[in-house]
2 protein chains.
Amino acid sequence: MSTRSSGLSGLTSARQVGRLAPVRRASTVDLIADRLREAVVDGSLPPGAALGEAELAFQLGVSRGPLREAMQRLTAEGLLVIPRRRGLAVRTMTPEDVRDIHWLRARIEPELGRRILARPLAERKTVLAELGTEVKRMQRALKKDDARALGDAYLDFHRGLAAWGGSIRLARMMATLLIETRLCTFSMYEHFEVAVDLVPEHAAFVDALAAEDAERFTALMRAHLDAEVRRLLSEPETAKEDDADRLLAETPDEPQPLDRLDLPEGI
Amino acid sequence: MSTRSSGLSGLTSARQVGRLAPVRRASTVDLIADRLREAVVDGSLPPGAALGEAELAFQLGVSRGPLREAMQRLTAEGLLVIPRRRGLAVRTMTPEDVRDIHWLRARIEPELGRRILARPLAERKTVLAELGTEVKRMQRALKKDDARALGDAYLDFHRGLAAWGGSIRLARMMATLLIETRLCTFSMYEHFEVAVDLVPEHAAFVDALAAEDAERFTALMRAHLDAEVRRLLSEPETAKEDDADRLLAETPDEPQPLDRLDLPEGI
DNA sequence: TATTGTAAGTTTGTCGACAATACGATGATC
DNA sequence: GATCATCGTATTGTCGACAAACTTACAATA
């Protein structure tokens, strides 16, 4: 408060001086949720992984209370499933989920090019630079045959797209969808697989934006998402079938199609 | 398990007999979350309402633990905001939120007609019947000048659309968006207002579906969403400015545009 | 008179503990 | 030999309590 009223000069209005970035202390729950999300993204909590909350809480150095709160948040995002009295588990994605997620992405992402191009020139330049950086990261990862790094750059590329092309709400939604996409990768393939096409596809995105060609961007994105679904579903037979997985995956004849999502009953 | 293997006859395959609806006991957290969502939808927790968690927990007859977990879930859905050390509060929607929400809805809902029409005939009939019922509810509500009931029927109509036209994930997402739409109404207008156009607009949706005209449905939905944004934003000056509201609404010069959402940092 | 400093009160954030429940193993019976 | 029942264990779901932090009110000083 004291800082607020201390104007540097009589000319700057008090209002302007007051424009400070708000202090943003993340709550413990935020921290835990971030950490869990991170663990899901980088694979240290693979789909189907069942971990007791006491153990998890100990690892994170917090009590079970905040951990449970964070779990609820991730559950609402669809990343975790909480079967009653069976701890927490990372969601296992099914081929149906893959189609579903990509259908949603296909509604949103193709439009983002148009919205980015509608921004002022200075911002557009920033966006292009940022996206270009991610593409370079992807290239480097590809050379090193590092599928993990490639996936990370992929995530950041699309996150950037959503952040610049949309609102906070959209960015949040896309962030969740992207993590779910990553989960699809984990759920569908036993190991990561370097998709060679990915880099040129994304370079083309940047090109289209640089050329201010929204139509081309849209078409490219549609094609990319289609290709990704095909990539993911091309080997549906190799889906993991570990014991840990079975813990939550629906039984072969899926008796509880609704229960799996543990959805908040908002419907 | 025992029930599963008890076949009634040798002719019915064990598989068929086993197809029982899973027992779905809602956890306490589910119950609380539903109750809170309900309260937000029906307006008993108006935007900006600040309620202590001790008080709330007492009212709901539960301890603070589960209540806090439910709050985290609603927070992830964007319905609640949890300013640190200030209890929970229902989100106050801004004109920007209105545009944002409807932009997202406009990506999804127009497509739903096509997806519903792709379903088998028997299901299509069910959908039409259901949607028709909701339209009748809207008509009745309009006659009685009951804006609340009209809004409820509106919600159920679109919920049905999402439930039949999409996946579980999409339905869940739409459910949240619809509740947020309702919150927009609360945030924008002092009182409910009966929108006369709403009923014919929705009757037209049903007509288009009955005629199996996906294109018309798409166009109608786009027009409807456009109109709704205009309706909501036509009187941006009459936005509520109660004291309770101020508690969370950004200050006039919005110093913390990011903080307001209390987003899970997934970006 | 306005502003700042102080103190009290209230609320949240976190933790530990208890009890209920589901699961697994072992033993008994048909 | 297989199936069912019972017991023990481990884990969750819930609650109560403590401590820290924020807000508000009041008083003192410039």
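Below, chain A is the first sequence line, B the second, and so on; all start at residue 1.
As rounded to whole Å, 15 Å separates atom C1' of D:dT12 from atom CG of A:L80. At whole-Å resolution of the value, CG in A:D30 and P in C:dG13 are 11 Å apart. Atom CD1 in B:I82 sits about 12 Å away from atom C1' in C:dG13, given to the nearest Å. A:L31 has its CG atom 14 Å from the P atom of C:dG13, to the nearest Å. In this structure, B:E69 atom CD and D:dC15 atom P are separated by 11 Å, rounded to whole Å. If you take CG of B:L67 and P of D:dG13, they are 17 Å apart, rounded to a whole angstrom. Atom pair A:F58:CZ and D:dT11:P shows a separation of 14 Å (rounding to whole Å applied).
In terms of the salt bridge (charged side-chain N to carboxylate O under 4.0 Å, His left out) criterion, residue partners of B:D152 (sequence neighbours excluded) are, by chain and number, B:R182. Scanning for salt bridge (charged side-chain N to carboxylate O under 4.0 Å, His left out) contacts around A:E38 gives an empty result, with sequence neighbours left out.
Comparing D:dC15, D:dG13, C:dT12 by their closest approach to the side chain of A:R64 singles out D:dG13. You'll find that the side chain of A:E53 is closest to D:dT12, out of D:dT12, D:dC15, C:dC15.
For A:R35, the CZ atom sits in a loose shell: 12 or fewer heavy atoms of surrounding residues, nucleotides or ligands are nearer than 6.0 Å. More than 12 heavy-atom neighbours from other residues, nucleotides or ligands sit within 6.0 angstrom of CZ on B:R137.
Phosphate contact (OP1/OP2 of D:dT12, side-chain N/O of A:R68, threshold under 4.0 Å): absent.
In this structure, B:G52 reaches the sugar-phosphate backbone alone: every heavy-atom distance under 4.0 Å involves primed, P, OP1 or OP2 atoms, never a base.
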